[in-house]
Amino acid sequence: MSAPNAPQKPGLIGWLDYRLPIFGFMNKELRQYPTPKNLSYAWNFGSLAGIILLIMILSGLFLAMNYTPSTDKAFDSVERIMRDVNFGWLLRYIHANGASAFFVVVYLHMARGLYYGSYKSPRELLWIIGVAILLLMMATAFMGYVLPWGQMSYWGATVITNLFSAIPVVGDDIVTWLWGGFSVDNPTLNRFFVLHYLLPFVILGVAFLHMIALHTHGSNNPTGLDAKKEDKIPFHPYYTIKDLFGLGVFLVLFALFVFYVPNYLGHPDNYTPANPLVTPAHIVPEWYFLPFYAILRAVPDKLGGVMLMFGSIALLAALPWLDRHPVRSGRYRPLFKKFFWLFVVNALALGWAGGKPAEGHYLLIGRLCTAYYFIHMLVVLPLLSKFEKPSPLPTSIAAAS
Amino acid sequence: MTMTMTMTMTMTKRSLVFVALLLAAMAQLSPAQAAGEAEPLPQHDWSFAGPFGTFDRGALQRGFQVYRQVCSACHGIKRVAFRNLADLGYSAEEIKAIAAEYQVTDGPNDDGEMFQRKATPADRFPSPYANEKAARAANNGAYPPDQSLIVKARHDGANYVRALLLGYGEAPAGMKVQDGMHYNKYFPGHQIAMASPLMEGVVTYQDGTPATQEQMANDVVTFLAWAAEPEAEARKRMGLKVMIFLVPMTIALYLLKRKIWSRVKH
């Protein structure tokens, strides 16, 4: 923001800016914002996630105009959107696949942060705010999936809300309170709709905090070195055009799903209306929850599973203090680099195991991968912080290229 | 400079590998389906398959005839309106005539009474039973599900419904089929209340196509696939236009990006 007592500039924008420095703010944060010149395409996913959030809010707005949050009408109203609302099918497929796209992009964004140590000082809070956004996204996506009131909606809601019954003493009362009754029913659907509409705006606010924290110290970069003034270029036009190109690539991939395989990532059971009397053979969450679902099912104890699952996310938030190695970027940490890829493969394996029935080999693989997740966080990273010898660091970004 | 380029390229490659890995993982994860006894489904070459596939109009009309003369005795398609039949190639007059063959409940009238009247194109297909209880009472406890979404509500739905319709036969030795049930190779549990519905010649096609069991199964599944996704053709058409717009735009953005970045000294 421009200094409060800078003189008023001429013209309407000058008049406005003198009173409410909105244009000065945009100019500083979106145009001049000094950005390291060596960012790779791995840095595209942050702005992309922001754009997807806006796509989700907009498509969701128009869906909400045609949706009825009542157990009698929800499924029918969604089908009405699909069949009778002009381009309703387009809105709904954008929104449903947009949720998947949002998670793909955010997971890639996080993987980039993990690899380049973007969570390290002074960006700890930036990272923690990011984990908070992930949690909000999970809650929003979960409640959104309940709204069509298909079989997976209903039974997914039943399984996930029941997790809270694992809390000792007050668990059952909490579940009744969440449901607004004694089972997932109309009051549950109503409040989920309200919260599903509310939370994206909370995410928008928290994303704004994420951006303020980011702009305080600026973006990390592939070298992990602090960028000097001469290593930086203005955000516009360099990163606006780079992000636009990335957006183009994303939209092509996204359109392939929306227009050609719109139900590929969904579950066919959700095209059967919810029926409290018929349990589906296998209740599975959407793909983006599968790694966490595998962790949840890894131990034969409900409370234990719930604690492990929330623990796995809490550990993400604690990452700046688990990995205390002085070198940020994985590029100069030969051992860390190997473990990072192992962690990625392990996360994918967790997702795979989470989509299979919890029995036999699937369960065993899920357990081993769960174990590795925690070992990586609690043992590997702290040990590497202590003992890993980094490869020689360049003296500056300019020297690295 | 070359160093930088190699570096950038490695990073680009790495991000690409990343995306590829994640997509591959999604491909693996997404079906997230039950492992189970499910018999592999024979794959049929559908007219509506693929990015350029469209519903064969002849198959749609024949399938609609099979639905009307066979399936509709027990199964509704309550989400389909008569006006939607325009997609099948019927004219407004033909649709009016088809609708007029059905009775729907309307009302209450000024005397407070519900009454029956002929359906109009704006009405949806009336279901054969008043409610689930009535359906079960009439079908020995079994519930014939509404078919509006059946193709979307099953894994590999079109091939599944076709396989089911053609999957009747003798139960393997040692398997006891309960009274009133029928052996079907593709139904979960292999026992289904519905008797084999498509006997050779059960319909006489208006266009003269011989009504073999397989022909009828292919036609009615084409019709049901349309009923489940009436927007499919419009969706794929729009997809093509979107791609024709997006791909050159993205290439142009890439070229612009290279041009703008050529000013940056590394």
Side-chain angles (χ1 to χ4, degrees), chain A residues 37-38 40-42 44 76 79 82-84 89-90 93 100 104 107-108 111-112 222 233 237-238 241-242 244-245 247-249 251-253 255-256 258-260 262-272 280-282 284-287 290 344 348 351-352 354-357 362 398 400-401, chain B residues 1 3-4 7-8 11-12 14-16 18-19 21-36 51 79-81 84 145 148-150 152-155 157 188 228-231 234-236 238-240 242-243 246-247 249-254 256-257 260-261 263-264 266:
Chain A
K37 66 182 180 183
N38 61 332
S40 69
Y41 280 105
N44 271 54
D76 290 346
E79 272 308 308
M82 292 298 288
R83 288 160 192 269
D84 295 336
W89 57 266
L90 180 60
Y93 282 153
S100 285
V104 171
Y107 285 154
L108 289 170
R112 188 270 292 152
I233 48 181
Y238 298 106
I241 185 62
K242 196 172 179 182
L244 272 176
F245 165 56
L247 175 66
V249 173
L251 286 178
V252 169
L253 293 173
L256 283 177
V258 168
F259 292 104
Y260 295 109
N263 292 303
Y264 184 72
L265 297 167
H267 197 293
D269 279 12
N270 230 25
Y271 282 110
T272 302
H282 294 280
V284 280
E286 292 275 84
W287 70 267
L290 290 176
V344 169
L348 293 175
W352 173 80
K356 301 288 182 187
Y362 301 132
S401 52
Chain B
M1 186 62 199
M3 271 273 287
T4 324
M7 202 74 108
T8 336
M11 287 322 299
T12 318
R14 186 165 293 153
S15 344
L16 283 178
F18 231 157
V19 176
L21 263 174
L22 247 119
L23 286 179
M26 275 162 58
Q28 283 303 306
L29 302 179
S30 62
Q33 75 236 122
R79 299 183 195 282
V80 180
N84 299 138
S148 315
L149 281 167
I150 204 79
K152 266 166 122 179
R154 299 289 181 273
H155 284 290
E229 293 189 294
E231 90 295 347
R235 168 160 57 74
K236 292 179 199 172
M238 187 190 284
L240 184 64
V242 168
M243 286 297 164
L246 278 181
V247 173
M249 181 195 81
T250 304
I251 294 171
L253 286 171
Y254 175 69
L256 190 56
K257 186 251 162 197
I260 291 174
W261 274 76
R263 296 180 218 153
V264 178
H266 283 286

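Keep in mind that the numbers below use all heavy atoms, side chains included, and drop hydrogens, waters and symmetry copies. Just so it is clear, the model here is predicted, and its values are computed rather than measured. In what follows, chains are A, B, ... by sequence order, proteins preceding strands, each numbered from 1.
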With A:Asn44 via side-chain hydrogen bond (donor to acceptor under 3.5 Å, both in side chains) - residues at least two apart: none
B:Arg235: side-chain hydrogen bond (donor to acceptor under 3.5 Å, both in side chains) partners, not counting sequence neighbours: B:Glu229, B:Glu231
Which value, rounded to the nearest 0.5 Å, describes the distance between [X] atom [atom1] and [Y] atom [atom2]?
X: B:Leu256; Y: A:Ile241; atom1: CG; atom2: CD1; result: 4.0 Å
X: B:Leu253; Y: A:Lys242; atom1: CG; atom2: NZ; result: 14.0 Å
X: A:Thr272; Y: B:Lys152; atom1: OG1; atom2: NZ; result: 11.5 Å

Check [X] against [Y] and note the closest heavy-atom contact, atom names and distance.
X: A:Tyr260; Y: B:Lys236; result: OH-O, 3.5 Å
X: B:Ile260; Y: A:Tyr238; result: O-CE2, 3.4 Å
X: A:Val249; Y: B:Thr250; result: N-CG2, 3.6 Å
X: A:Lys37; Y: B:Val264; result: CD-CG1, 4.1 Å

Heavy-atom pairs under 4.5 Å with chain B, option from A:Asn270, A:Asn263, A:Asp269 with the top count: A:Asn263
Mind checking whether [X] and [Y] have side chains closer than 4.5 Å, heavy atoms only?
X: A:Pro268; Y: B:His155; answer: yes
X: B:Met249; Y: A:Phe245; answer: no
X: A:Pro237; Y: B:Lys257; answer: no
X: A:Tyr271; Y: B:Ile150; answer: no

Salt-bridge contact A:Asp76-B:Arg79 (side-chain N to carboxylate O under 4.0 Å): yes
Under 4.5 Å from a heavy atom of chain B, the part of A:Leu256 involved: both
Region of A:Ile233 that comes under 4.5 Å of a non-hydrogen atom in chain B: side chain
Interchain contact, B:Pro230 with chain A, by part (heavy-atom threshold 4.5 Å): side chain
